[in-house]
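Below is one structure, written out as structure tokens, with a few remarks after it.
Letters go in sequence order (proteins before strands), and every chain restarts at 1.
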Amino acid sequence: MKVRTRVAPSPTGDPHVGTAYVALVNYCFAKRHGGEFILRIEDTDRARSTAESEAAILDSLRWCGLHWDEGPDVGGPHGPYRQSERSAIYREYAARLLASGDAFRCFCTPERLDAMRVAQRAAGQLTRYDGLCRTYDAAEVARREAAGEPSVVRLRVPDDGTCIVEDGRRGPIEFEWSSVDMQVLLKSDGLPTYHLANVVDDHLMEITHVFRGEEWVSSAPKHMLLYRYFGWTAPKLTHLPLLRNPDKSKLSKRKNPTGILFYRSLGYAPEALLNFLGLLANPAHEGVEELMDLAHLVERFDPAQIPLGGPVFDVGKLDWLNGRFLRERLDDAQFVERVRAWGASPERMRKIAALARPRVERLSDLGPLLAFLFAGRLAIAADQLRGGKLEDRQVRQALQYALWELDRLDEWRVSGIEATFVGIAQRLGVKFRDVARPFYVAITGSPTSIPLYDAIELLGRDVVRERLRVALGLLGVPSKRELDAWFEEWKGVS
RNA sequence: GGCGCCAUCGUCUAUCGGUUAGGACAUCGCCCUUUCAAGGCGGAAAGACGGGUUCGAUUCCCGUUGGCGCUACCA
């Protein structure tokens with residue numbers, strides 16, 4: 001049987017290095033065995049999924065140098081590859097489960113479920129659906145449906161016995177069925193949850209091996225149950241350790257740059273990023289050259305060698321690999337080409353020229369004026385952020401608001417960015433010109449520069465987020481309490 | 001709280017019961033060099049704790065502690 005793997009990102013935000021990591025592992029395994037690698041978009045969460053995010057994810061993975069044999073953009077024999085276009089399929093399989101009695105309709109309200117969980121937790125028990133709707137007979141279900149009561153489809157789970165999940169790297173993991181929740185499979189909007197869609201798609205797309213994040217371990221029993229109910233053979237599951245922040249918490253953008261685009265903006269070579277990620281999955285042992293290309297990564301890939309501890313994403317090591325790639329794997333001409341592609345493309349230079357030309361007297365003024373566009377971390381001190389009419393607290397609050405607001409922005413364009421900043425000044429009850437200075441310093445490294453919103457657009461979301469985060473850190477990282485209070489105020493006005 | 005996963009230098013890791021616990025990044029020192037990098041050489045740096053099993057545990061088992069994940073009509 002042909003090996004087929006997949007990566008199934010959810011388009012709910014910026015492309016994450018964790019996605020690249022999981023994609024790389026699946027890619028390597030498939031290619032190592034002459035198999036196929038598929039890209040599937042899991043966009044069943046209508047509230048959070050966006051087309052922008054999907055496009056960005058495809059773009060980032062392509063930039064990484066990972067090519068998929070089937071996917072929403074290239075098509076393939078098992079399409080569609082976007083779950084939002086497969087609703088009918090999931091409904092059909094949910095109906096099958098309903099018919100066989102392996103799933104049941106549930107009419108419970110969110111309020112009842114909430115109260116139930118609160119009570120269970122207060123009693124020190126695990127939170128699990130109590131099975132009320134499971135007791136309804138066909139007539140009762142029909143009556144409620146006819147009355148127009150909204151309902152979901154839940155998975156029937158055994159009340160006792162154990163489930164053994166076979167993990168490709170950890171071996172058997174045992175769960176009590178009584179600790180597994182009766183998961184919702186089909187939401188009241190008719191769309192499936194991850195669990196149903198994932199199992200159905202992996203089967204229909206003939207996926208043979210799944211490498212996914214460790215966060216899925218605890219829901220694996222539900223997936224095993226679905227394969228059993230459907231009478232399907234489950235793919236071989238292997239859970240990958242989660243990438244961590246330096247403080248060992250799960251890698252998060254609150255504490256670190258996590259976007260693939262951030263590393264691209266900073267001038268990392270995709271080869272080096274992949275190299276680094278590949279080393280995390282299969283570390284090089286003594287005497288082994290660590291600088292390797294994708295083909296080499298594929299050739300030496302071995303799932304049995306994946307370490308189980310969650311590795312800290314060590315940017316220092318990435319820097320070293322990237323430096324070596326730049327100076328050992330590229331000649332001058334190729335280097336120049338990289339520079340052009342990175343930040344000096346004709347289109348980008350034209351935009352920059354239009355902004356810079358009115359502000360220079362000599363071409364040599366360009367260096368200091370535009371350095372921030374070609375820099376990673378800016379050398380700024382806390383005092384440079386001060387000096388306006390605002391108190392530190394207000395500046396910090398403004399920076400935090402900007403972080404939150406900019407995250408919510410769908411389109412990264414001057415117009416939206418401008419509206420965001422105007423809004424922030426209003427909320428704080430101050431004039432924008434008074435908050436402008438710290439933002440200029442945080443973003444461009446100087447209180448005077450090209451227009452702020454253009455600078456922000458040019459820099460891109462990930463770099464801007466990082467600069468704001470660094471500036472905020474300079475004036476004092478907000479405490480949990482401050483953050484909560486600000487968040488309340490922020491929510492209140494929006 | 002419950003369930004699950006994990007546990008060696010600051011970081012990534014090697015060790016399939018017996019090693020001076022090895023390598024890489026970072027760090028420190030020296031060399032090279034008009035500077036800075038790069039490069040070369042060298043140094044410092046680790047088995048969470050407590051019980052077992054064993055002639056012998058970093059390695060196997062149990063417990064504790066710690067970290068992480070899950071605990072949604074999000075993935």
Side-chain angles (χ1 to χ4, degrees), chain A residues 8-13 16 18-19 41-49 83 106-110 113-114 117-118 120-129 150-154 162-163 165 167 169-171 173-198 212-222 239-252 276-277 279-291 304-324 326-328:
Chain A
S10 196
T12 53
H16 196 279
T19 302
I41 295 294
E42 308 226 335
D43 56 350
T44 55
D45 183 351
R46 280 151 98 189
R48 296 199 305 148
S49 300
Q83 292 187 330
C106 174
F107 300 90
C108 292
T109 61
L113 294 172
D114 216 43
R117 289 185 188 116
V118 168
Q120 286 170 336
R121 213 172 156 146
Q125 298 167 328
L126 46 85
T127 52
R128 184 187 199 236
Y129 180 62
S151 67
V152 300
V153 174
R154 274 184 197 278
T162 58
C163 170
V165 171
D167 180 273
R169 192 57 244 293
R170 292 158 231 260
I173 304 174
E174 193 173 323
F175 296 86
E176 294 286 334
W177 277 125
S178 61
S179 74
V180 178
D181 204 0
M182 295 176 228
Q183 187 65 47
V184 169
L185 299 176
L186 211 59
K187 300 179 267 188
S188 55
D189 65 1
L191 289 181
T193 56
Y194 168 88
H195 309 280
L196 209 221
N198 194 265
R212 51 156 36 160
E214 196 176 6
E215 72 262 36
W216 296 108
V217 171
S218 43
S219 44
K222 296 165 189 170
H239 294 92
L240 268 17
L242 264 17
L243 270 27
R244 312 283 183 91
N245 294 311
D247 69 0
K248 298 280 191 177
S249 56
K250 174 173 148 179
L251 193 62
S252 66
F276 173 71
L277 259 12
L279 249 20
L280 252 25
N282 276 184
H285 294 162
E286 194 174 342
V288 173
E289 170 56 78
E290 292 189 280
L291 186 62
Q305 300 299 315
I306 300 173
L308 258 20
V312 169
F313 192 91
D314 181 6
V315 185
K317 180 100 182 206
L318 208 208
D319 288 343
W320 174 75
L321 275 172
N322 200 61
R324 284 197 59 192
L326 257 23
R327 72 182 94 90
E328 294 177 32

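- The interatomic distance linking A/Q183 (CD) with B/rC3 (C1') rounds to 15 Å, in whole Å.
- Within the nucleic acid shown, A/S249 comes within 4.0 Å of sugar-phosphate atoms alone, with no base atom in reach, counting heavy atoms only.
- Using modelled atom types, no side-chain atom of A/D167 and backbone atom of A/I173 make a donor-acceptor pair closer than 3.5 Å.
- Distance A/R212 CZ to B/rC74 C1': 15 Å, rounded to the nearest Å.
- Residue A/K248 has a polar side-chain atom (N or O) positioned under 4.0 Å from OP1 or OP2 of B/rC12.
- Judged by distance alone with a 3.5 Å cut-off, a donor-acceptor contact links the side chain of A/S188 to the base of B/rC73.
- Judged purely by distance below 3.5 Å, without hydrogens or angles, the side chains of A/E42 and A/Q83 pair a donor atom with an acceptor atom.
- Using C1' as the reference atom, B/rG39 and B/rC32 are 8 Å apart when rounded to the nearest Å.
- Residue A/K187 has a polar side-chain atom (N or O) positioned under 4.0 Å from OP1 or OP2 of B/rC74.
- In this model, the phosphate group of B/rA72 is not approached by any side-chain N or O of A/R128 to a distance below 4.0 Å at OP1 or OP2.
- Protein atom CD of A/E176 is 17 Å distant from nucleotide atom C1' of B/rC70, rounded to whole Å.
- Between B/rA75 and A/T44, a contact under 4.0 Å exists linking OP1 or OP2 to a side-chain N or O.
- The interatomic distance linking A/D43 (CG) with B/rC73 (C1') rounds to 17 Å, in whole Å.
- Look at A/R324 and A/E290 and you find no salt bridge, because none of the NZ, NE, NH1 or NH2 atoms lies under 4.0 Å from a carboxylate O.
- An OP1 or OP2 oxygen of B/rC73 is reached within less than 4.0 angstrom by a side-chain nitrogen or oxygen of A/R154.
- As judged by a 4.0 angstrom heavy-atom cut-off over every strand, A/V217 is placed among residues touching the sugar-phosphate backbone only.
- Side-chain to base pairing of A/R48 with B/rC74: one donor and one acceptor N or O lie within less than 3.5 Å of each other.
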